[in-house]
Asks: 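Just dropping this structure here.
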Amino acid sequence: MKVLVVNAGSSSLKFSVFTVGEGEQTLLARGNIERIGLLGPNFIYQRGAEEKTAEDVEVKNHADAVKALCRKLVDPGVGVLRDLSEIRAIGHRVVHGGEKFTAPVVVDEEVKANIRACVDLAPLHNPPNLTGILACETVFPGVPNVAVFD
């Protein structure tokens, strides 16, 4: 099974893609998109153990960043997926789940509402964490998203 892991920050999107199964995991790709919504966004990408590459990208928000990431993942030259449907689950780092969420949980409307309710506890982190979840829900409809809380 292929899993996408996302850490959405205020102006960045870090990611890893793994193949997971039977107690093993293999890193397929990782990277980050920096300066989202600012001048000079940059996309750093590494497939497996290959050398990192960097390029400028046009990303105004986290949804644009997820779309840029997806284009890279299916790129015939450097991608690690034949099709986005290979992603079977998405994990998200979320800083604060309050007292309600302290262990990983499948994201639903209640979880998203709780992340919003905890914005005062992590004002620099929870809003972009939630934005990353919403962007992934748009780009990967029907794929389960799991929030993992600090």
Side-chain angles (χ1 to χ4, degrees), residues 1-34 36-37 41 43-50 52 57-150:
M1 170 171 75
K2 292 184 176 137
V3 175
L4 171 63
V5 178
V6 174
N7 180 356
S10 59
S11 64
S12 67
L13 182 85
K14 296 176 183 153
F15 68 91
S16 299
V17 178
F18 295 93
T19 297
V20 179
E22 307 236 2
E24 294 186 28
Q25 67 181 22
T26 303
L27 176 66
L28 300 176
R30 67 179 169 184
N32 59 312
I33 300 174
E34 302 171 329
I36 296 170
F43 190 167
I44 298 165
Y45 179 78
Q46 182 177 20
R47 182 171 66 174
E50 295 177 7
K52 291 179 184 178
V57 289
E58 182 78 25
V59 290
K60 296 178 180 141
N61 54 47
H62 285 77
D64 288 347
V66 170
K67 290 174 188 173
L69 160 63
C70 289
R71 285 191 297 275
K72 185 67 79 175
L73 293 176
V74 298
D75 181 282
V78 297
V80 295
L81 305 173
R82 288 184 308 280
D83 187 85
L84 293 178
S85 66
E86 291 182 60
I87 297 293
R88 307 302 297 186
I90 304 169
H92 297 270
R93 174 189 181 238
V94 179
V95 170
H96 219 304
E99 292 181 12
K100 187 159 189 168
F101 298 115
T102 57
V105 61
V106 175
V107 175
D108 60 14
E109 293 306 317
E110 178 187 355
V111 173
K112 290 185 282 190
N114 192 74
I115 293 169
R116 277 186 205 95
C118 292
V119 165
D120 289 345
L121 300 173
L124 298 178
H125 301 283
N126 273 31
N129 296 161
L130 183 58
T131 300
I133 291 169
L134 296 173
C136 286
E137 286 179 334
T138 300
V139 175
F140 294 94
V143 174
N145 286 267
V146 176
V148 180
F149 299 90
D150 284 359

Asks: Contact between Leu4 and Val143 at the side-chain level, heavy atoms closer than 4.5 Å - yes or no?
Replies: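 No, their side chains stay 4.5 Å or more apart.
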Asks: Mind checking whether Ile36 and Pro41 have side chains closer than 4.5 Å, heavy atoms only?
Replies: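 No - every pair of side-chain heavy atoms lies 4.5 Å or more apart.
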Asks: Counting C-beta onward and ignoring hydrogens, is there a side-chain heavy-atom pair between Val94 and Phe149 closer than 4.5 Å?
Replies: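 Heavy-atom side-chain distance check passes, below 4.5 Å.
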Asks: Just wondering, more than 12 heavy atoms not from Arg88 lying within 6.0 Å of its CZ?
Replies: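 Open.
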Asks: Restricting to non-hydrogen atoms, name the atom on Asn114 and the atom on Gly97 that form the minimum distance, rounded to 0.1 Å.
Replies: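 Heavy-atom minimum between the residues: ND2-O, 2.9 Å.
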Asks: Could you state the interatomic distance from CZ (Phe140) to CD1 (Ile87), rounded to the nearest 0.5 Å?
Replies: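 With rounding to 0.5 Å, CZ (Phe140) is 5.5 Å from CD1 (Ile87).
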Asks: Supply the atom-to-atom distance Ile115 CD1 to Phe101 CZ, rounded to the nearest 0.5 angstrom.
Replies: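 Interatomic distance, Ile115 CD1 to Phe101 CZ, rounded to 0.5 Å: 7.5 Å.
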Asks: Working note: Val66 + Thr138, criterion side chain to side chain contact (heavy atoms under 4.5 Å, CB included); need CA distance, chi angles, decisive distance, verdict.
Replies: CA-CA 10 Å; Val66 170; Thr138 300; over 6 Å; no
Asks: Do the side chain of Asn61 and the main chain of Ala63 share a donor and acceptor less than 3.5 angstrom apart?
Replies: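 At least one qualifying donor-acceptor pair exists.
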Asks: Checking side chain to side chain contact (heavy atoms under 4.5 Å, CB included) for the pair Val148/Arg93: CA distance, chi angles, key distance, verdict?
Replies: CA-CA 5 Å; Val148 180; Arg93 174 189 181 238; 5.9 Å; no
Asks: Considering only residues two or more places apart or on different chains, which pairs with a residue in residues 118-137 satisfy side chain to side chain donor-acceptor pair (under 3.5 Å)?
Replies: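 Of all non-adjacent pairs touching residues 118-137, those that pass side chain to side chain donor-acceptor pair (under 3.5 Å) are Lys112-Glu137.
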Asks: I need the minimum non-hydrogen distance between Gly79 and Arg47, along with the two atoms involved.
Replies: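 Nearest heavy atoms, Gly79 then Arg47: O-NH1, 3.4 Å.
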Asks: Considering the options Leu28, Leu84, Leu73, which one meets the side chain to side chain contact (heavy atoms under 4.5 Å, CB included) requirement together with Lys2?
Replies: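 Looking at Leu28, Leu84, Leu73, the match for Lys2 under the side chain to side chain contact (heavy atoms under 4.5 Å, CB included) is Leu28.
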Asks: Give me the atom names and distance for the closest heavy-atom approach of Ser85 to Asp83.
Replies: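 Heavy-atom minimum between the residues: OG-OD2, 2.7 Å.
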Asks: Which atoms form the tightest heavy-atom contact between Phe43 and Ala68, and what is the distance?
Replies: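 Answer, listing the atom of Phe43 first, then Ala68: CE1-O, 3.7 Å.
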Asks: Could you tell me whether the side chain of Gln25 reaches within less than 4.5 Å of the side chain of Val20, counting heavy atoms only?
Replies: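 Yes, close enough: below the 4.5 Å cut-off.
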Asks: Looking at every heavy atom in both Ala29 and Tyr45, which two are closest together, and how far apart are they?
Replies: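 Ala29 and Tyr45 have their closest heavy atoms at CB-OH, 3.8 Å.
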Asks: Testing the basics here: between Asp108 and Val111, what is the closest heavy-atom pair and its distance to 0.1 Å?
Replies: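 Closest pair (atom of Asp108, atom of Val111, distance): OD1-N, 2.9 Å.
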Asks: Which atom pairs, donor and acceptor, lie under 3.5 Å between side-chain atoms of residues 8-19 and protein residues at least two apart or in another chain?
Replies:
none

